[in-house]
There are 2 protein chains.
Amino acid sequence: MAGDGVNGVRKAGKTYERIIEHLRGEISSRRLRPGDRLPPETDLARSLGVSRPTVREALKVLESQNVLSSSTGPTGGTFVEAIDGAGVAEYLKDSISLLLDVDELTLPELWQAREITDIPAAELAAARRTDQDVFVIEKTVDMDEHKEGVAIVSDISFHRAVAEASKNRMLSLFASSIHMTLRTLAERYIIPEDVLPEVKRISQQQHRLVFEAIANRDGATAAARMREHLQLSYGVYEQAMPRRWNCTPDF
Amino acid sequence: MAGDGVNGVRKAGKTYERIIEHLRGEISSRRLRPGDRLPPETDLARSLGVSRPTVREALKVLESQNVLSSSTGPTGGTFVEAIDGAGVAEYLKDSISLLLDVDELTLPELWQAREITDIPAAELAAARRTDQDVFVIEKTVDMDEHKEGVAIVSDISFHRAVAEASKNRMLSLFASSIHMTLRTLAERYIIPEDVLPEVKRISQQQHRLVFEAIANRDGATAAARMREHLQLSYGVYEQAMPRRWNCTPDF
DNA sequence: TAGAAGCATTTGTTTGACAAATTATCGTGG
DNA sequence: CCACGATAATTTGTCAAACAAATGCTTCTA
């Protein structure tokens, strides 16, 4: 009978959901590790006592969650991905974009959340940064200065590097998801060309000021300068984005 | 030929991924709205020119993302869920738990992120609260006082209510995901009985102090008292949780 | 009218097959 | 011996048809 295990014992829930839970459990307990290759779908189905389409429903869900990946061919198959914040942030970005689309989230809310994450990130980075972090952050500042014609507000590598230097992966995940969402928005709605050069110049300058405070381990200054920088940047977003996103009164 | 559309035009990507994008697009553009019922899988498959198993792979992915839901029977089918932060927070909770399990995130990191979200949430709530918010928050404080035998640290309704009062749905989403994760942890690792009553008493008291500051629209005090409260609570978690999570040096 | 049996509808699952993509293999020619 | 191209093998991707299970509705009966 469908839904029965090897001993004929009916388990709770839908079969493909049990398979998802099973595989997640194998990863949680590290019996499955990043890079491991799962058996071919047909073997997996047989060993789990279910059909291949059912197994596939579970695999596709875990793929969408960036937990597994698959490819065809003899060296292909289904592999366990690295379990880290990057995959979650990627997923979160899509969810946030959808919330914006259906007006269950506004740009001011998103931007305020960015302030709430990015400012402490800068402060923490000043306290915890390594010399390697300083090197990486400065490189993103220099890169900005030599890049031409690209809207600086869509360049998130600096903020990403700062968040990484905070050594808090939860904070970094939240910040990344917001950064990626804003980049997607910036790609859709181009910043007016006339204000761009001036904005870019000031933004670069501010990036450098934040960087210097972090390099000097001056958390308070890093936070203050990050705040100034975000306030300028928000003005640019506010101008470029469609009116319907600017709908909360007190921000 | 497989992968061809109705006009014989091959589209890019895998079929089930195109279906996911299609349905997400229908929701983004509001041609599909929450509560809408999709055609039966077999009809949907026919109208998309694909097979039912392929449609199902897409539907199962969207179900796992809390975008769709399904049930059997004549009044059942596949329905568009409410697109809001709740579904995303639910998903995020599971992802955070997995990151903790595989040591790609530590409890101190998670807790620090909680401070970074919950303290501004309290400050914002003081500025933006409505009378209705005050009513709701006070009810959670009173509930705590009358509840017996439950670890107060696992009771997140107060913090949820504060985050809601902040009127920032992005912040509320982040906070909810952390709260839910911590509740799951608290359910797994019971707080020692001997310290519980005292912790509970103090925690209740602190909840009330935060509440009063929010009711008085005193943001600075609300933030300060929330900080004190979280510092106490963290000590309890730190004692109860397995040693392996306490592994960052400077927190 | 109330309850129970049967019916219709929809998702859940199975089986089997073929298509497409990709790499390994092997033979052939230089 | 090496390069290279055709071929075979492996794995995921897709399709087809059917039956099982769940659920609400209808209808028949007491």
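Residue numbers begin at 1 in each chain, while the letters A, B, ... track the order of the sequences.
With sequence neighbours left out, B:Ser71 forms a side chain to side chain donor-acceptor pair (under 3.5 Å) with no residue at all. Residues that satisfy the side chain to side chain donor-acceptor pair (under 3.5 Å) test with B:Glu81, not counting sequence neighbours, are B:Ser69.
One finds no side-chain N or O of B:Thr54 lying less than 4.0 angstrom from the OP1 or OP2 phosphate oxygen of D:dG13. Contact check, B:Lys60 against C:dG12: a side-chain N or O comes under 4.0 Å of OP1 or OP2.
Rounded to 10°, the helix from C:dT1-D:dA30 to C:dG30-D:dC1 has 10° between the axis fitted to its first five pairs and the one fitted to its last five.
Distance, A:Arg18 CZ to C:dG12 P: 14 Å, rounded to whole Å. In this structure, CD of A:Glu57 is placed 15 Å from P of D:dC15, rounded to the nearest angstrom. If you measure from atom CZ of B:Arg56 to atom C1' of D:dT14, you get 15 Å, rounded to the nearest angstrom. Here the P atom of nucleotide D:dC15 and the OH atom of B:Tyr16 are 13 Å apart, to the nearest Å. Spacing between atom CZ of B:Arg52 and atom C1' of C:dT14 amounts to 11 Å, rounded to whole angstrom units. In this structure, B:Leu44 places its CG atom 13 Å from P of C:dT10, rounding to the nearest Å. Regarding A:Leu48, its CG atom lies at a distance of 10 Å from the P atom of C:dT14, rounded to whole Å. When rounded to the nearest whole Å, the span between CZ of B:Arg46 and C1' of D:dA17 equals 16 Å.
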Distance-only criterion, 3.5 Å: show the donor-acceptor pairs between side-chain atoms of residues 92-99 of chain B and protein atoms not counting sequence neighbours.
from    : atom 1 : to      : atom 2 : distance (Å)
B:Lys93 : NZ     : B:Glu90 : OE2    : 3.4
B:Ser95 : OG     : B:Tyr91 : O      : 3.4
B:Ser97 : OG     : B:Lys93 : O      : 3.0

Residues 171-181 of chain B, side-chain donor-acceptor partners within the protein, below 3.5 Å, at least two apart:
from     : atom 1 : to       : atom 2 : distance (Å)
B:Ser172 : OG     : B:Glu164 : OE2    : 3.1
B:Ser176 : OG     : B:Arg160 : NE     : 3.3
B:Ser176 : OG     : B:Ser172 : O      : 3.1
B:Ser177 : OG     : B:Phe174 : O      : 2.6
B:His179 : ND1    : B:Ala175 : O      : 3.2
B:His179 : NE2    : B:Asp118 : OD1    : 3.1
B:His179 : NE2    : B:Asp118 : OD2    : 2.9
B:Thr181 : OG1    : B:Ser177 : O      : 2.7

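Distance alone, capped at 3.5 Å, is enough to place a donor-acceptor pair between the A:Arg37 side chain and the A:Gly76 backbone.
Side-chain atoms of A:Ser51 lie closest to C:dT15 of the nucleotides C:dT11, C:dT15, D:dC15.
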Please tabulate the protein-to-nucleotide N/O contacts below 3.5 Å involving nucleotides 9-11 of chain D, giving atom names and distances.
from   : atom 1 : to      : atom 2 : distance (Å)
D:dT11 : OP1    : A:Arg37 : NH2    : 3.1
D:dT11 : O4'    : A:Gly73 : O      : 3.1

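Taking the charged nitrogens against the carboxylate oxygens, B:Arg30 and A:Asp103 do have a contact shorter than 4.0 Å, which makes a salt bridge. Residues A:Glu21 and A:Arg18 are not paired through a salt bridge, judged by the lack of any N-O separation under 4.0 Å between the basic side chain and the carboxylate.
A:Ser70 and A:Glu63 form a side-chain donor-acceptor contact under 3.5 Å, judged by distance and modelled atom types alone.
Test B:Thr54, B:Leu48, B:Val55 against B:Ser51 for side chain to side chain contact (heavy atoms under 4.5 Å, CB included) and you get one pass: B:Thr54.
Toward the 5′ end of DNA chain C lies the nearest nucleotide of B:Thr42, the other residue of the pair B:Thr42 and B:Pro53 mapping further downstream.
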